[in-house]
Amino acid sequence: AASADSRRSANQAPPQTGYVGAEACVTCHEGFDSSVNRTKHAFAKDPRTPFAQQGCESCHGPGEAHVNDPAKVRPKNFTKMAAKEVSETCASCHNRSQHVFWEGSQHDARNVTCTNCHVVHRPKTEKGLLRAASQTETCAACHRDKANKIDRSGHMPVREGKMQCSSCHNPHGSKNVRLLKAGFTINESCTSCHTEKRGPFLWEHAPVRENCATCHDPHGSSNERMLVAKNPFLCQRCHVHARHPATIYDAAVLSTSNRVFGRACATCHSQIHGSNHPSGNFLVR
Amino acid sequence: TLPTPQTPMEQARSTIGARAFGSIDFGGRFTDISGDKARYQRYRDLRDGAFARNFLFGRRTADWTVEVTADNIGYRDQKFTVDYRQVGRLKASFVWDQIPLFISGDTRTLYSEVQPGIFRLEDTLQARNEAGTTTLRDYVNSTAGFELRTRRDTSAINLVYSASRDVDLTFSVTSAQREGHIPYGAPFGFNNAVELPVPIDSRTTDASTMIEWANQKGLVSVGWDGSWYDNAIETLIWDNPLKINDSPAYATAYSDGRGPAQGRMALWPDSNQQYVHGTASVVTPGRGRLTGYFAVGQANQNAPLLPHTINSQIPVIPLERETTEGEVRNTVFNLQYSARPVNQFLFVARYRYVDVDNRTHHFETVGRVRFDGVLDDAASSPEPEPYSVTRKNFDADATFTVVPAASIRVGYSNAIGDRTFRHWEETTENTFRVSFDTTGNQVATFRALFENSSREGSGLDLHVLEAVSEQPGMRQFDIADRDRRRATLLATFTPNEYVGVNASVGVGREEYPNSEFGLQEFDSTQMSLGIDVFPNDRVSVNAVYAREQYDSLQLSRTASPAPNAQWFDPRRNWFTDYDGTVNNLDVGMDVAEIAPRTNLRLSVNWSDATDTYNYVLTSDTVLTTPRPLAPVVSEILRGSIDVAHRLSDRLQLGASYWYENYKVEDFALGPDIASALVLPPLIPGLPVTATNTVLLGYIYRPYTAHTGLVRLTYLW
C-alpha cells in the first residue's frame, strides 16, 4: 500500500498549524491508512476528500497536541462523540446531492448519526462503507419489522439481491415523505418503476390516486400482490354497496364464487388501478 | 493496545496505485425442486449448469479508477456494471440489470395468442358451448401448458461532472423494458370470469439533469426530470368461451355470459411526466439551515379511446372525443428550517405543499356498455371523476439533550388534505409525538417513540356514496376519521466485545370512530429479541426471533338497495374479524478456520404466517350462519451451508447447499379450490363445479427445493 504521505498531491492543502500529517498518525495507528486507502476518502486529487485536505486530521482534528501528549489529549473519536458532532463533521464535506436534506430529517431529529450505519475504517461493504454486511442488515438494526416482511411469500426482490432498502429510500433525507427517494409523493415513488399505473386514466380509482400503500405493503405480505389484506376482505373495507360487494363469501360459496377464489374481486375488476376504456367505470374493461 | 482494522471487506479490491484487481466465481450448480418451481425461483434463475458470477475487474490509480462487474452471466438474472471515475472530475457508470419474475410454471389455457393481445378459442368450442351441446368441462384436456413469467431489463447511464470544487453537473438516463405475460382477469359477466396471460411489452425511459452548486455555506440546484411510458400492446381482445355469435344487449350482467362473442379491454396507455425543480439551502446563524425546494410538473396521457364495445349487435355509442386528453399538473413546495443554537437543543420546522391537480377534460357519457353485453343509457352512465388532492403539511420538532447522550424530542404535525370527488372535501390530521433516544453510549442504546394522531373530515358529500349505491354511513378508511396511537421501543445492550443483545417492541392501534360501515379498527404488535455472540476471533453467532400480530375488524351489511327494507336493517350486519400472526427466526453462524484455511457459514431463516378471517354476525341476525373459512398459512424455511477452502492466495474452492421449504394453505388460491375451476383439474377426479370460469391455474403450491453449488474463486 502506498503510504499516506506519498498520496499527498499538488491539490492537497499544506499542513496548517497544529496539524502533523497522516504520516505521523500511522506511526502509532498502524493499518488505518491502508484501510482508508481502500475508500474514496483517500483520493487526494479530489479536492472534496479528506486526503486532499489534512488527511486523517480532516476528520479527527489537528493532531499535534495529541502527538505531544497522547495520554491526555485525544483526537476526535467518532464512537464516543455526540451524534450531532459526528453529523456535523461528516456533513462538512457530504453536503450535496443525496445529503442535502439530512439536517432535520427523521434520522437526524432522533440523533441517529452517520456512524450508526457507516464506518470508514472497518466497513463490511465497499459501497456505502456500512457497518453491517448489507443494507438490509444495517436498516434491520432498528427497522426489524420491515426487514422481516422481506421474508414473506409476497415480496420485492430484496432477498434475491435485485433491490435494497436504498432502491426506494434515501436514509439521509429526501424531498418526499418517508425518506422516499423518487418523486414527491408515495405514488410517484411507486410509479417510478410501476409506470403503467401512473395514469392519469379516464376512469380513476380513488384510493389508487390517494396512496398506493392504502392497499399494498411494499415491504412484503403473505397476500397476493403484497396486499395489506386478502381479497375480497380488503375491498370490503370500503365497498359496502348493495348486492355483491357486501356479500359474505364463506366456505359455502368458496368453490363456486369467482368473487372469492383466485384473485377474488380483481378477477373481474382487473383494471383496479384505473381504466382508459370509455365504458370502464367499473374497472372491468 | 490500539485497535486495528479487520481484514479488508473484499479481498479482491486493491489499494490506490496498486495493480489491477479482480475476482470471479465459477463452477457448477444443481437444483432439485419438488412442487412450485416458479415460486422458488421467483426473481432469480437457478437452472442447472455452469455458472460464472461475482466477476470483478478494476484498477485504481491516483488519477482514475475503473471497475467492471458481472453477475450470473448468461442467466435471466444477469447483471453488468461499469464504473469509471476521473478523480475529482467525472463519475460515469453504466448498469445492465435483468430482473426475472417467474409467476407460474404450471399454468394452462384454452386460448391461443394469435397476435400480441389477441386471444382466440377454437370456433367449434364456442359454437358447441353456445348451442349447449358441450360445456367447458368437455375441453379440460385441450389446454396447453405454458410458463407465466415476465422480465424487466434495466439499463442506466449516470454521469456526474464536477466543473469545480463546488459545482456538479449530473445527467442520467434509465430505460426499463418489461416483457412477458401476467395473469389478468377479463370477464363477460358475473358468472363468466376468464383469466388470461395478458402480454406485457412496455418501456419506461427516464431522463434527468441537474446543476448543483454547494459549499459549506449553502446550496443551489436546478434540475429537470422526464419520464415516458410506452406500451406496445394497449388493447386486449379475447373470445367468449360460451358464445360464437354476438347477441344484442341484455338487461343484466348477472348472467352466464350471454351477449358478446368477444371482449375488448383497454390496457395501460402511454403516458409521460415532466418536472422542473429547484432547491436552495443556506446556513443561518445559530447553527441553522434553511432549505427550500420548488417543483412544477405535468403528467399527460392522451391515448386513443376504444369504442364502447366490440359487440357488433350493440348500437355504436358516440364518443365525446377520440383521445383521453388526460392531464395532471403538479406543484410542490417545501420549506424547512433547522437550527442547533446550542448543543442541547435542536429545532426543526417544515411546511410542505403538494398539489396534484387532475385537469383531465370533462368526458360526457351518453351511454355505456358493461361487459360488452349490457347497454346502459345516459341516465345510468356516470361520468369520470378526475380525482385531485392538495396536501398541506406542517411539522415542528424540538429535540432536547437533557443529559449527555440522551435526548427527548417533542413534535407536532398538522396535515390537511383537500380532495375532489371524495366523501370528505377536506381532512385534517393532528399528530403529537414524543421520543426518547440515548446515543453515543457504546454499551447501551435505548430508543422510544409515542405518537398520537387524530384525523377528522369536513364537508361531507353524501352524493359520492349514494351515486354508487353505497351505505351513507360507510367511510372509506384511507380518509375516514381516525384516531391512531403508536409506540415503539428499541433497546440494545453490548456489555462487552463478546455479546450483544437487542430487543424491540412496537404497538399500534387505529380506530375509526365515525365509520358506521367499513374498517372499524386495526391493531398491530411487533416484538423482537436478538443476540450476537462473538466467543472468539474466529466465531460469530447471531439469532433474532420476531413475532408480529395484527387484528382488524370491519363492518358490512348484506342488503338490497334502498328503498328495500334490508338496506336499513341492522340485523343484516356482519363483521370480518381478521387475526394475523407471523413468527420469524433468523440464525447465522460464521466460523473462520474451522479447519486449516477453511471457513464455514451457516444460516437458517424461518417465516411462519397464519391469517384467519372470521365472520361474526349480530346476536339478532337474520342472515344464515356462515361456514368458516380455513386459516391461510404460509411458512417458509430456508437454510444454507457454505464452506470455502483457500487452495492458495489466489484460488479458493467453495461449496454451498441451499434448502428451502414452502408450505402454503390458501382457501382462495390453493389447488383444492382452483383444481375444480382450472382446466384441466390439477387433482384428477374432482368435479368441475364452475363450468363458466376459465382460469389459468395460477395457484399457490408448496415446494421443497435443494440447490447445490461447487465453485472456484480466483483472485487476481
Side-chain angles (χ1 to χ4, degrees), chain A residues 1-2 31 35 37-38 43 45-47 82-83 95-96 103-104 109-111 121-124 126 144-145 148 151 153 157 160 162 184 195-196 198 200 202-204 206-207 209-210 214 222 233 236-238 240-242 246 248 250-252 255-256 258 261 267-268 270 276-279 285, chain B residues 4-6 9 15 17 43-44 87-88 99 165 184-185 187 193 204 214 229 265-266 268-269 289 301 305 308 324 326 328 332 338 348 360 368-369 384 387 397 407 437 439 469-471 474 476-478 517 519 526 528 546 554 556 558 561 576 584 607 609 626-627 629 634 668 673 689-690:
Chain A
S35 66
N37 202 15
R38 288 184 164 81
F43 287 130
K45 287 198 173 178
D46 183 346
N95 57 1
R96 61 171 63 236
E103 286 187 46
R110 291 193 66 183
N111 275 343
H121 293 288
R122 284 174 284 181
K124 291 190 176 173
E126 164 74 10
R144 171 59 59 186
D145 57 325
N148 285 347
D151 292 328
S153 57
E160 290 82 359
K162 288 296 188 182
F184 298 100
T195 332
E196 73 277 8
R198 178 168 60 197
L202 186 64
W203 298 93
E204 303 272 11
R209 286 297 131 219
E210 183 72 24
T214 300
S222 303
F233 313 109
Q236 288 177 325
R237 287 181 174 180
C238 284
V240 192
H241 304 221
I248 292 176
D250 67 350
S255 62
T256 55
N258 54 29
F261 65 63
T267 305
C268 291
S270 48
N276 220 46
H277 191 288
S279 286
R285 278 293 181 271
Chain B
T4 53
Q6 294 173 346
M9 56 285 171
T15 53
Y43 299 109
R44 53 190 177 176
V87 173
I99 305 179
R165 193 189 189 291
Y184 214 71
T204 300
Y229 171 74
M265 185 183 294
W268 308 276
R289 181 177 280 268
Q301 188 268 101
L305 294 175
H308 278 274
T324 313
V328 174
V332 183
S338 65
V348 183
T360 300
R368 69 176 175 191
V369 182
Y387 298 107
D397 289 275
S407 63
D437 298 278
T439 54
S469 301
E470 183 55 85
Q471 286 282 358
M474 196 284 301
Q476 293 156 352
F477 72 95
D478 61 333
F517 294 101
L519 189 62
Q526 299 101 22
S528 70
Q554 57 196 69
S556 192
T558 299
T576 303
N584 212 98
S607 177
R627 278 178 52 194
L629 294 161
S634 174
I673 296 303
T689 53

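Everything numeric here is computed off the predicted structure, so don't read it as measured data. Protein chains get the first letters and strands the later ones, always in sequence-line order, with residue 1 at the start of each.
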Inset, instruction - Just do the side chain to side chain donor-acceptor pair (under 3.5 Å) check on N148(A) and Q526(B) with the steps written out, would you? - result: CA-CA 11 Å; N148(A) 285 347; Q526(B) 299 101 22; over 6 Å; no
Inset, instruction - Indicate yes or no for a side-chain donor-acceptor contact from Q476(B) to the backbone of C238(A) under 3.5 Å, with no hydrogens or angles considered. - result: no
Legend entry - Under 3.5 Å: donor-acceptor pair, side chain of R285(A), backbone of P187(B):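 Side chain of R285(A) to backbone of P187(B): a pair is present.
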If we define contacts as heavy-atom pairs under 4.5 Å, which of [options] has the most with chain B?
| options | answer |
| --- | --- |
| A246(A), P207(A), A83(A) | A246(A) |
| R209(A), E160(A), R96(A), E196(A) | R96(A) |
| A109(A), A252(A), C268(A), P200(A) | P200(A) |
| I248(A), T195(A), T267(A), D145(A) | I248(A) |

Between [options], which has the largest tally of heavy atom pairs under 4.5 Å with chain A?
| options | answer |
| --- | --- |
| N584(B), L305(B), L519(B) | N584(B) |
| Q471(B), R165(B), M474(B) | R165(B) |
| A193(B), S407(B), A214(B) | A214(B) |
| I99(B), D397(B), V328(B) | I99(B) |

Inset, instruction - Identify, with sequence neighbours excluded, every residue that meets side-chain hydrogen bond (donor to acceptor under 3.5 Å, both in side chains) alongside T576(B). - result: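 Partners of T576(B) under the side-chain hydrogen bond (donor to acceptor under 3.5 Å, both in side chains) test: none.
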Legend entry - Which residues share a side-chain hydrogen bond (donor to acceptor under 3.5 Å, both in side chains) with H308(B), sequence neighbours left out: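 Expected list: S279(A).
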Tell me, side chain or backbone of [X] under 4.5 Å from chain B's heavy atoms, or both, or neither?
| X | value |
| --- | --- |
| R198(A) | side chain |
| A82(A) | neither |
| N111(A) | both |
| E103(A) | both |
| R144(A) | side chain |

Closest non-hydrogen atom pair between [X] and [Y], with its separation:
| X | Y | result |
| --- | --- | --- |
| Y387(B) | E204(A) | CD1-CB, 3.4 Å |
| D478(B) | T214(A) | CB-CG2, 3.7 Å |
| P157(A) | Y43(B) | CB-CG, 3.4 Å |
| V87(B) | D46(A) | CG1-N, 3.4 Å |
| G88(B) | P47(A) | CA-CD, 4.3 Å |

Legend entry - CE on M265(B) to CG on N276(A), rounded to 0.5 Å: 13.0 Å
Legend entry - Residue part contacting chain A, namely of S607(B), when any heavy atom lies under 4.5 Å: side chain
Inset, instruction - Using non-hydrogen atoms and a 4.5 Å limit, figure out which bit of Q554(B) sits close to chain A: side chain, backbone, both or neither. - result: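 Contact with chain A involves the side chain of Q554(B) alone.
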Legend entry - Modelled atom types, side-chain donor and acceptor of S634(B) and S222(A), under 3.5 Å: no
Legend entry - Note, Q236(A) side chain near S556(B) side chain (heavy atom, < 4.5 Å): no
